[in-house]
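These numbers were taken from a predicted model, which means no experiment stands behind them. Within every chain, numbering begins at 1; the chains are lettered A, B, ... in the order of the sequence lines, protein sequences first and strands thereafter.
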Amino acid sequence: MKCLARTLIICEKPDAARRLADALTESKPASYRKYGLTYYELKKENDILTICPALGHLYTVGSKEEVPRRRYPVWDYVWKPIHEVEKGRERQQEWLRAIEELGREADHFINACDFDIEGSLIGYMILKYACQAEEKAGRMKYSTLTKTDLNNAYLNVSSNLDYDIVKAGMCRHEIDWLYGINFSRALTESARKHSERYTTISTGRVQGPTLNFIVEREIEVKSFKPTSYWTIEVTVDVDGTIVKAQYSKKTLETETEANHIVENVKGKSGKINDFKETKMKVSPPYPFDLTTIQTEAHRHFHTSPSQTLRILENLYLQALISYPRTSSQKLSPSIGYRTIFNGIARCPEYKNLSSELLTGATLKPVEGKKFDPAHPAIYPTGAMSKTSIEPRARKFLDLIIKRFMAVFASAALRLNQKASFIVNKEYQFYINGSRIIEQGWFKYYHPYVKPTETIIPPVEIGKEVVVKEIFAQKHFTTPPPRYNPSSLIKEMDNKEIGTKATRAGIIDTLYKRGYIVDEAIRPTLLATKVIEVLTEHCPRIIDVSFTRELEIQMNKIETGETSHRAVVTDAIRQLKIIFEKIASQEKEIGKELSEAIMESKTQSVTLKTPCPNCGASLRIIRSKRTKKRFIGCSGAIKGECRFSLPLMQFGILKILDTFCKKCGFQLVSIKSKGKRPIISCPKCYVEGLANRRES
DNA sequence: GCAAGGTC
């Protein structure tokens, strides 16, 4: 009997392993479990294939020697199993144990992780260290998890691993580690030595520039000088219908100029001297990549990017949507458009719309430019939920299904109308109308698109229009808006820093570090100081060009123009110079930073409204005796004032930047888990209690 | 108690 060869195929994640196993056999592949890992076995020609998932990275960069976390700078690192470096990685430890055992049985090996740099690296590390079989391994490349693609990929496995890509990936990890760990430790330790209190002050290739966006925006907002301008607001009578009209100059610099126009136009009339109608095609939106759905969900559901990612992951695990961590705006016919539409149609609320699209001649989606080598855009699988979906996830699924339908729909058609008339010989005005003449995709994407219409009465050249009401309106220019988590993630996407899967988490980190506050994001004093220190010592780490340069170096590693070693050695050389200077200025840096931490902490508990009793500042205080929190007067320390106000004891308390309309006292908000924040006035609350007692 | 990257 001929002995069958065994091949171990490593995938990036459980879902990919299952799909690959399904694709490579006509029957259902046998599945087994080992230490919590599910793998598959099937016979293919003269091979037994063992298909086994990783769980993302199972190896990472760690300190070479067991040095205290406080020590810096550190230059010596080594690739280790991730559970040896990070806490809470017991699952990865078990998986590695399982893969090691499976590797012992195998003769051949294939890296079938996602077709991108990280995928090449994840598979390589496992094959090299867990299986000790890097030279016996090949690389399988596929860009969709469909049967055809996966089978083709299996037939075209390369005979070697893609070492150049692996080296580029290792380089990225190592550079990030060297910069991130060393600067974070330098900032943290210098402040700790000064204040003798520990606060994590971190930075890195992505955190740095992201925080800098916020600090720079705040400078723009603070230094903004509003200037005034005027507009002409005018309504006219057309055949008895009153409509708005626009003056040919949208904004006027002076009040004199605006008043002059009003005076010369008031009570007069004009004749339509031009009328144009233009049809405008409004194309459907692109399929969802992660960033786009994160901003779209924020717009419609007010969910933060990280909440959105969490909800999408759940939908994905329930097999209701495709893989959400994608930056692609493209779909592929191989996902089976018709099957998906048939699936969607089983749900009554989508039945009619879905059927309409199915009766069309061809199913061709509109697509965007962004492409992801590993995954297509986010789409609904058309599967029905086996368990009940929570209402919020249900809304997300609705958004994804409707978006999916919309991208296959026809363009909408808008009719824009523009009539012009001149009053008092020289003042030109326009009447603008707009109507939807073909709904197209609007119908499918309702209520996530709300097309507006401006209906105007029929006009023709020569018709008289009478000015009814006209006045000059004063306005002020406004500063650029502060970022919110949604617009910030979009900015990171535009500048191409971080990845689709990490951006939301990095913004969460900036909040956690006490660098940024509020939904309309403002930097704290600490953030400003961190940016100051980094600007002086390493402007590179807060600049997006660091990522660009790193990408160039990585490309050069892939093409063989430079080596992984050369790039890392050069980085260490540069860092050594920087850290010598930092060491000599550690005291000053520590003083600045720890003072900023103190300031931020006091700021967060000090009210802007002074004590109504003595005029000293009011603070949120926690009683040492009762452990309860309340608003107390700072005069209490000297025994001068005993003014106090009670506060709710549970939930996250925040001092708001708004004030009570009734009494002018500063408002506070209490946010309990899973609930909307309650905004209240501490002073009116007490007075309300007093009133109730009286009555 | 540190990065950024992948994944549950």
Side-chain angles (χ1 to χ4, degrees), chain A residues 10-17 36-38 53-63 67-74 77 79 82-83 85-92 94-96 113-114 116-126 168-192 197-211 309-310 312-314 316-318 323-327 372 374-375 492 497-510 512-514 530 541 546-547 550 554 571 575:
Chain A
I10 306 288
C11 294
E12 186 154 323
K13 49 186 167 283
D15 181 54
L37 171 153
T38 301
L55 207 55
H57 283 290
L58 299 183
Y59 291 83
T60 192
V61 180
S63 194
V67 292
R69 283 184 91 100
R70 287 181 175 179
R71 168 135 21 120
Y72 79 93
V74 279
Y77 58 82
W79 283 82
I82 202 163
H83 66 264
V85 181
E86 292 173 23
K87 276 188 176 168
R89 297 295 192 160
E90 293 76 16
R91 199 157 167 221
Q92 277 84 353
E94 290 296 283
W95 282 45
L96 214 45
C113 291
D114 289 355
D116 54 23
I117 292 182
E118 297 298 329
S120 294
L121 184 57
I122 290 167
Y124 164 84
M125 285 290 161
I126 292 167
M170 288 172 69
C171 176
R172 204 274 306 146
H173 279 257
E174 293 161 19
I175 295 283
D176 278 341
W177 187 87
L178 287 165
Y179 273 84
I181 300 294
N182 283 314
F183 277 101
S184 298
R185 283 186 188 176
L187 297 171
T188 303
E189 283 308 302
S190 59
R192 191 191 58 79
R197 288 177 73 168
Y198 182 90
T199 307
T200 302
I201 312 177
S202 64
T203 194
R205 178 176 52 84
V206 184
Q207 278 186 39
T210 308
L211 188 57
L309 180 54
R310 214 173 311 129
L312 296 182
E313 270 166 355
N314 277 326
Y316 161 70
L317 291 174
Q318 291 179 69
Y323 190 69
R325 284 184 285 242
T326 173
S327 53
D372 185 322
H375 307 280
M492 294 170 82
I497 53 167
T499 70
K500 64 257 173 181
T502 57
R503 289 180 189 130
I506 283 166
I507 296 173
D508 286 352
T509 301
L510 297 181
K512 206 167 77 193
R513 297 275 180 265
V530 167
I541 205 170
F546 183 13
T547 298
L550 184 58
M554 285 166 70
L575 284 170

Margin query: Can you measure A:R89 atom CZ to B:dT7 atom C1' for me and round it to whole angstrom units?
Written below: 8 Å
Next item on the list: Assess the side chains of A:Q207 and A:S202: does a donor N or O sit below 3.5 Å from an acceptor N or O?
Entry: yes
Notebook entry, point to check: What is the distance, rounded to the nearest whole Å, between atom CZ of A:R185 and atom C1' of B:dG1?
Noted result: 11 Å
Next item on the list: From the options B:dC2, B:dG5, B:dC8, select the nucleotide whose nearest atom is closest to the side chain of A:I181.
Entry: B:dC2
Margin query: I'd like to know if the side chain of A:T188 reaches the main chain of A:S184, judged simply by a donor and an acceptor atom lying under 3.5 Å from each other, with no hydrogens or angles considered.
Written below: yes
Notebook entry, point to check: For the side chain of A:T200, counting heavy atoms from C-beta on, which of B:dG6, B:dA4, B:dC2 is nearest?
Noted result: B:dC2
Next item on the list: Have a look at A:T60 and say if it touches a base, only the backbone sugar-phosphate, or nothing, with a 4.0 Å heavy-atom cut-off.
Entry: base
Check: Does the side chain of A:Y323 get closer than 4.0 angstrom to OP1 or OP2 of B:dT7 through an N or O atom?
Finding: yes
Next item on the list: Assign each of A:R91 and A:R70 to its nearest nucleotide of DNA chain B by heavy atoms, then name whichever residue's nucleotide is nearer the 5' end.
Entry: A:R70
Checklist line | Rounded distance (Å) that lies between atom P of B:dT7 and atom CG of A:L309 | finding: 10 Å
Notebook entry, point to check: Could a donor-acceptor pair under 3.5 angstrom be found where the side chain of A:R503 meets the base of B:dG6?
Noted result: no
Next item on the list: Consider the side chain of A:W177, meaning its heavy atoms from C-beta on, and name the nucleotide among B:dG5, B:dA3, B:dC8 that approaches it most closely.
Entry: B:dA3
Notebook entry, point to check: Can you check the A:I82 CD1 to B:dC8 P distance for me, whole Å?
Noted result: 14 Å
Note to self: For a quick test of reading the model: is some side-chain N or O of A:T499 closer than 4.0 Å to OP1 or OP2 of B:dG6?
What the structure shows: yes
Check: So A:R513 and A:T200, side-chain hydrogen bond (donor to acceptor under 3.5 Å, both in side chains) or not? Walk me through it.
Finding: CA-CA 7 Å; A:R513 297 275 180 265; A:T200 302; 4.8 Å; no
Next item on the list: Hey, which sits more toward the 5' end of DNA chain B by its nearest nucleotide, A:R325 or A:K87?
Entry: A:K87
Next item on the list: Just compare B:dA4, B:dC2, B:dG6 and give me whichever is closest to any side-chain atom of A:R69.
Entry: B:dC2
Checklist line | Candidate nucleotides B:dG6, B:dC8, B:dC2, ranked by approach to the side chain of A:L55 - the nearest | finding: B:dC8
Check: For A:R197 and B:dG1, is the shortest distance between a side-chain N/O and OP1 or OP2 below 4.0 Å?
Finding: no
Check: Do A:W79 and A:L121 pass the side chain to side chain contact (heavy atoms under 4.5 Å, CB included) test, and can you show the C-alpha distance, the side-chain angles, and the key distance before you say yes or no?
Finding: CA-CA 11 Å; A:W79 283 82; A:L121 184 57; 3.9 Å; yes
Check: Do we count A:Y179 as stacking onto B:dA3 if the rule is ring centres under 5.5 Å and planes under 30°?
Finding: no
Next item on the list: Would you tell me if any nitrogen or oxygen in the side chain of A:Q207 comes within less than 4.0 Å of OP1 or OP2 on B:dA4?
Entry: yes
Note to self: Considering every strand and a 4.0 Å limit on heavy-atom distances, what is the contact class for A:P14: base, sugar-phosphate, or nothing?
What the structure shows: sugar-phosphate
Check: Touch check for A:E90, heavy atoms < 4.0 angstrom, all strands: base, sugar-phosphate only, or nothing?
Finding: nothing
Next item on the list: Would you please name every residue forming a ring pair (Phe, Tyr, Trp, His ring centres under 6.0 Å) with A:H57, sequence neighbours left out?
Entry: A:H173
Check: Rounded to whole angstrom units, what separation is found between the CG atom of A:L58 and the P atom of B:dC8?
Finding: 12 Å
Next item on the list: Please assess A:F183 against A:L575 for the test side chain to side chain contact (heavy atoms under 4.5 Å, CB included), listing each intermediate value before the final yes or no.
Entry: CA-CA 10 Å; A:F183 277 101; A:L575 284 170; 3.6 Å; yes
Notebook entry, point to check: Just checking A:D114: base, sugar-phosphate only, or nothing, at a heavy-atom cut-off of under 4.0 Å?
Noted result: sugar-phosphate
Next item on the list: Describe the nucleic acid contact of A:G169 in one word from base, sugar-phosphate, nothing, applying a heavy-atom distance below 4.0 Å.
Entry: nothing
Next item on the list: For the side chain of A:S184, starting at C-beta, report the closest nucleotide among B:dA3, B:dT7, B:dA4.
Entry: B:dA3
Next item on the list: Salt-bridge test for A:R192 and A:E189: reply yes if a basic N is under 4.0 Å from a carboxylate O, no otherwise.
Entry: yes
Next item on the list: Mind calculating the distance between OH (A:Y77) and C1' (B:dA3) to the nearest angstrom?
Entry: 14 Å
Next item on the list: State whether A:T188 places a side-chain N or O below 4.0 Å from either non-bridging phosphate oxygen (OP1 or OP2) of B:dC2.
Entry: no
Margin query: So if I take every side-chain heavy atom of A:H173 and compare against B:dG5, B:dG6, B:dG1, which nucleotide ends up nearest?
Written below: B:dG5
Notebook entry, point to check: Tell me: CG of A:L37 to C1' of B:dT7, nearest whole Å?
Noted result: 13 Å
Checklist line | Protein-nucleotide distance (A:I541, atom CD1; B:dA4, atom C1'), rounded to Å | finding: 11 Å
